[in-house]
Amino acid sequence: MKVDITDIIWAVVSMFIVCYSYSHGWLIYGLILIYVIMTLLFFMHIASIRARLSRSKAVYGKVVDYHERDKGAHVYPIVTYTTEEDRDITSTYTVEDNKMRYELHSDVMICYDPEDPMFFYFPDRESDFFRTYTRSIAIGGVISVILLIIA
């Protein structure tokens with residue numbers, strides 16, 4: 001897992017909010033504030049992903065192999081395709097799956113980012129990029145409501 005400056009800043013801000021709210025007897029409200037900020041950041045990230053997906057170009061690619069992790073529990077299709085600029089690209093899908101959805105050597109529709117041709121996605125699986133965020137927002141919302149009821 002890659003940790004970058006954004007993660008470090010988020011950790012520091014969260015710790016500051018927890019310490020400040022705890023010292024004033026408002027810990028529950030501090031935790032809810034962290035959830036609200038996290039939700040806003042997630043929505044901003046979702047918007048940036050949607051912008052990236054909106055500028056993508058559709059082409060047909062060929063599934064040439066699968067990268068397997070954890071003894072086949074997680075698989076990533078490896079696809080080769082040609083961009084509009086006639087560049088031959090072989091790239092691995094960035095979202096893990098638990099099964100091999102596509103047959104080897106089958107032609108599939110993919111969309112790639114012209115600014116970063118190595119990035120591609122399957123048009124019928126756009127939700128793969130948002131699943132973790134929406135799940136986290138929903139679980140955090142339930143926890144926040146419970147905390148508000150307790151308070």
Side-chain angles (χ1 to χ4, degrees), residues 1-18 20-21 29-148:
M1 182 169 148
K2 181 181 164 194
V3 177
D4 61 7
I5 190 69
T6 307
D7 300 318
I8 295 169
I9 291 171
W10 176 243
V12 169
V13 169
S14 297
M15 290 305 294
F16 175 78
I17 292 171
V18 166
Y20 183 83
S21 63
Y29 299 112
L31 295 175
I32 292 171
L33 177 62
I34 290 171
Y35 166 74
V36 168
I37 294 170
M38 179 195 73
T39 300
L40 291 173
L41 291 172
F42 281 177
F43 278 122
M44 288 171 45
H45 194 250
I46 288 170
S48 71
I49 292 171
R50 287 190 191 278
R52 185 176 195 182
L53 298 181
S54 70
R55 69 174 178 255
S56 63
K57 304 288 184 184
V59 295
Y60 279 97
K62 186 177 295 274
V63 178
V64 293
D65 201 359
Y66 279 90
H67 172 73
E68 295 183 32
R69 226 182 71 216
D70 301 328
K71 299 179 183 174
H74 304 289
V75 294
Y76 305 81
I78 301 171
V79 178
T80 185
Y81 52 94
T82 304
T83 66
E84 288 182 344
E85 295 80 25
D86 285 331
R87 286 184 58 195
D88 291 328
I89 304 289
T90 300
S91 184
T92 305
Y93 193 49
T94 57
V95 180
E96 69 184 30
D97 202 345
N98 57 0
K99 63 181 176 180
M100 296 181 183
R101 294 184 186 269
Y102 308 98
E103 292 183 34
L104 286 178
H105 307 293
S106 63
D107 289 330
V108 292
M109 173 69 76
I110 60 113
C111 296
Y112 72 93
D113 183 355
E115 294 178 17
D116 179 13
M118 294 296 290
F119 173 79
F120 76 93
Y121 67 96
F122 298 97
D124 58 334
R125 295 178 58 195
E126 284 184 18
S127 64
D128 288 352
F129 295 104
F130 311 115
R131 185 177 320 127
T132 303
Y133 294 115
T134 54
R135 190 176 300 143
S136 297
I137 290 169
I139 292 169
V142 169
I143 292 170
S144 293
V145 168
I146 292 170
L147 288 175
L148 282 173

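Put simply, the side chain of Y35 gets close to the backbone of I137: a donor and an acceptor are under 3.5 Å apart. Using modelled atom types, one side-chain atom of Y66 and one backbone atom of Y102 make a donor-acceptor pair closer than 3.5 Å. Distance alone, capped at 3.5 Å, is enough to place a donor-acceptor pair between the S54 side chain and the A51 backbone.
Summarising the geometry, atom CG belonging to L104 is positioned 11.0 Å from atom NZ belonging to K62; distances are rounded to the nearest 0.5 Å. Going from atom CE of M118 over to atom OG1 of T92 covers 7.0 Å, rounded to the nearest 0.5 Å. The CD1 atom of I143 sits 10.0 Å away from the CG atom of L31 when rounded to the nearest 0.5 Å. Here the CD1 atom belonging to I46 is positioned 11.0 Å from the CG atom belonging to L41, to the nearest 0.5 angstrom. The NE2 atom of H45 sits 14.5 Å away from atom CG of L40, with the distance rounded to the nearest 0.5 Å. Going from atom CE of M15 over to atom CH2 of W10 covers 12.5 Å, rounded to the nearest 0.5 Å.
Nearest heavy atom pair, residue I110 against residue P123, reads CA-CD, 4.0 Å. Looking at every heavy atom in both residues, S136 comes nearest to M38 through O-CE, 4.3 Å. Closest approach of S56 to C111, counting heavy atoms only: OG-CB, 3.5 Å. When all heavy atoms are compared, the tightest approach of P117 to T83 is CB-CG2, 4.0 Å. The two residues K99 and V75 have their closest heavy-atom pair at O-CG2, 3.2 Å.
In this structure, the ring pair (Phe, Tyr, Trp, His ring centres under 6.0 Å) partners of Y93, at least two apart in sequence or on a different chain, are F120, F122. Checked against side-chain contact (heavy atoms from CB on, under 4.5 Å), E84 has the following partners two or more places apart in sequence or in another chain: K57, Y112. Contacts of D70 classified as side-chain contact (heavy atoms from CB on, under 4.5 Å), with partners at least two apart in sequence or in another chain: A73, H74.
Side-chain contact between R125 and D97: present, with at least one pair of heavy atoms (C-beta onward) separated by less than 4.5 Å. Residues I78 and T90 are in side-chain contact: their nearest non-hydrogen atoms beyond the backbone lie under 4.5 Å apart.
A side-chain donor from one of T82 and D88 sits under 3.5 Å from a side-chain acceptor of the other.
Remark: E103 CD is loosely packed, at most 12 non-hydrogen atoms of other residues, nucleotides or ligands lying under 6.0 Å away. In this structure, Y29 places its OH atom where only 12 or fewer heavy-atom neighbours from other residues, nucleotides or ligands lie under 6.0 Å away. Environment of CZ in R55: crowded, with over 12 heavy atoms of neighbouring residues, nucleotides or ligands closer than 6.0 Å.
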Pair V108-Y81, side-chain contact (heavy atoms from CB on, under 4.5 Å): steps then yes or no: CA-CA 10 Å; V108 292; Y81 52 94; over 6 Å; no
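Between Y121 and F129, the ring planes lie perpendicular to each other; the angle is over 60°, past the 30° to 60° tilted range.
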